[in-house]
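Here the structure is laid out as structure tokens; the discussion comes afterwards.
As the structure is a prediction and not an experimental result, all values here were calculated from the model. Hydrogens, waters and symmetry mates are skipped; everything else that's a heavy atom, side chains included, is used. Protein chains get the first letters and strands the later ones, always in sequence-line order, with residue 1 at the start of each.
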2 protein chains.
Amino acid sequence: MVIEPEPEQRTFTEIARRQQIVGAAIDTIAEVGYAQASLARIAERIGISKGVISYHFTGKDDLIKQVVVDVVEAGRNYILPRVSAEITGPSTLRAYIVSNLAFMRDHRNYMVAVVEILRSGAFKTDGGRRLDGREVDVATRLLQEQLARFQAGGEFRDDFDPSALAVAIRAAIDVVPHRLVLDPDFDIDRYAGEIANVFDRATRREDTP
Amino acid sequence: MVIEPEPEQRTFTEIARRQQIVGAAIDTIAEVGYAQASLARIAERIGISKGVISYHFTGKDDLIKQVVVDVVEAGRNYILPRVSAEITGPSTLRAYIVSNLAFMRDHRNYMVAVVEILRSGAFKTDGGRRLDGREVDVATRLLQEQLARFQAGGEFRDDFDPSALAVAIRAAIDVVPHRLVLDPDFDIDRYAGEIANVFDRATRREDTP
DNA sequence: AGAGTAGCTGGCCGGTCGGTCAGAACATCG
DNA sequence: CGATGTTCTGACCGACCGGCCAGCTACTCT
């Protein structure tokens, strides 16, 4: 386990540059896809030499990891309080779906970039091995556990499989960046409402209409 | 529009070679991902020089197109009769979901490869331009039309958006190849049943339990 | 002024890619 | 045995990749 350098050791300039580069990486990946997002292209976008990226990051892996970390943190900061504010199972589930998609609506490039990265299999751990299995899919696992908890508490019907439902809900959410690429006029808010209804009907007990 | 050469002009050897190469491409893409599936690697799998691929196909684009065409045709041949055999809206929807996933279960590499290709944006038309918009998503559009038809016919509830539901259903289906990569023990049949229930509950009229 | 440091440039390296090509290998027929 | 057409090999090409580094610039400190 390598210890990260103290944040205090980072120059003001360096912090700004790193953020600028991460932003350029996000926009470039979102625009041309991960496969075509070379260091040269990312550097070109902000008018710097690609050597600068090597100077501020240990390599492309390091840059990509920072992109994912930044986006995931921003997403969690947005979604978590909105979900936690709800109390009942159905309202929590709806808040989860709606806030996930609202974040995507307001940060399209963020999500497109991260989805591009994750599906390209380019995201690696510190050790260099590729993330796989349950590691990548923390979001699906957490959702599954939440569903199971509410189900055990009697707030949801008891004849669905939380695992399968979690996969389907995440799939319905994660497909949106791709859908945005296919159809720039895709109405996220409308979709969010419809999907929330779908999974609400699928989980709601018959005696709680 | 370029006319394909007559099939009769293809040697017996050539037909066999082309199929062998397409098969090797499918397995290679499914195994190492599209980005790492170079012509050299595909050729190596069947112990030939990569020049052979250039000899039988005009280029990598041509080979990839053939892969997609072959798999889509196989999938349609499997799914279409099973869906057409059903009569009511709910049973048709269930047959659609179950047969889609059954085909994936029996042809994992086929589906993994095609999903890899489509999401990598490498699939091109004859004209060379990338497929986008509604072109790629024929499957989603057809499903949407089918849903709308049954909805108009009163077999489904009338307060859901066929467009949004079609996107969600296709997402729940198309995520499976990726899920298989994450978890080799993923139970497709169980998932198929659960998802069919989810979307059945989301579309079924209250007065038809 | 001189020394030191952070930040950056631009060219170079080894490697992989898709694609090309001269010619070998092979089967078939006169 | 040639002659001919098909199939294949292996070397090679130019392009692009991530990474590397000598050296330039600009700023700070003594």
* Take atom OH of B:Y34 and atom C1' of C:dT16, then tell me their distance rounded to the nearest Å. => 15 Å
* Residue whose nearest DNA chain D nucleotide is more 5′ - A:A35 or A:T58 -> A:A35
* Phosphate OP1/OP2 of C:dT16: any B:R41 side-chain N/O under 4.0 Å -> no
* To do: Please identify each residue that fulfils side chain to side chain contact (heavy atoms under 4.5 Å, CB included) with A:H107, with sequence neighbours left out.
  => A:F103, A:Y110
* Mind calculating the distance between CD1 (B:I53) and P (D:dG10) to the nearest angstrom? => 14 Å
* Could you give the CD-to-C1' distance, from B:Q36 to C:dG15, as a whole number of Å? -> 14 Å
* Asked: Could you state the CD1-C1' distance from B:I29 to C:dC17, rounded to the nearest angstrom?
  -> 15 Å
* **Minimum heavy-atom distance between B:I97 and B:A196, given as atom pair plus value** => CD1-CA, 4.0 Å
I'd like a list of close polar pairs between nucleotides 6-9 of chain C and the protein, N/O only, cut-off under 3.5 Å.
residue : atom : partner : partner atom : Å
C:dG7   : OP1  : A:T11   : OG1          : 3.3
C:dC8   : OP1  : A:R17   : NE           : 2.7
C:dC8   : OP1  : A:R17   : NH2          : 2.8
C:dC8   : OP2  : A:R17   : NE           : 3.4
C:dC8   : OP2  : A:H56   : NE2          : 2.8
C:dT9   : OP2  : A:S49   : N            : 2.7

* Structure fact -> To the nearest angstrom, the CD1-C1' distance between B:I42 and C:dG18 comes to 11 Å
* Given side chain to side chain contact (heavy atoms under 4.5 Å, CB included), test B:M111 with B:D174 step by step and report yes or no. => CA-CA 9 Å; B:M111 295 311 301; B:D174 293 336; 5.7 Å; no
* **Spacing of B:E44 atom CD relative to D:dT9 atom P, expressed in whole Å** => 13 Å
* **Result of checking B:E14, B:Q19, B:Q20 against B:R17 for side-chain hydrogen bond (donor to acceptor under 3.5 Å, both in side chains)** => B:Q20
* To do: Could you walk me through whether A:L147 and A:Y96 pass side chain to side chain contact (heavy atoms under 4.5 Å, CB included), step by step?
  => CA-CA 11 Å; A:L147 290 172; A:Y96 179 83; over 6 Å; no
What are the atom names and distances for every N/O pair under 3.5 Å that joins the protein to nucleotides 22-28 of chain D?
none

* Asked: Can you tell me if B:Q144 and B:R141 form a side-chain donor-acceptor pair at under 3.5 Å?
  -> no
* Respond yes when some side-chain nitrogen or oxygen of B:S38 is under 4.0 Å from OP1 or OP2 of C:dT16, and no when none is. => no
* **No-hydrogen, no-angle side-chain donor-acceptor test under 3.5 Å, B:Q66 and B:D70** => yes
* So do A:V167 and A:T140 actually touch side chain to side chain, heavy atoms under 4.5 Å? -> yes
* Send over the distance from B:L39 CG to D:dC8 P, rounded to a whole Å. => 16 Å
* Asked: If you count the non-hydrogen atoms of other residues, nucleotides and ligands that lie under 6.0 Å from CD in B:E44, is the total more than 12?
  -> no
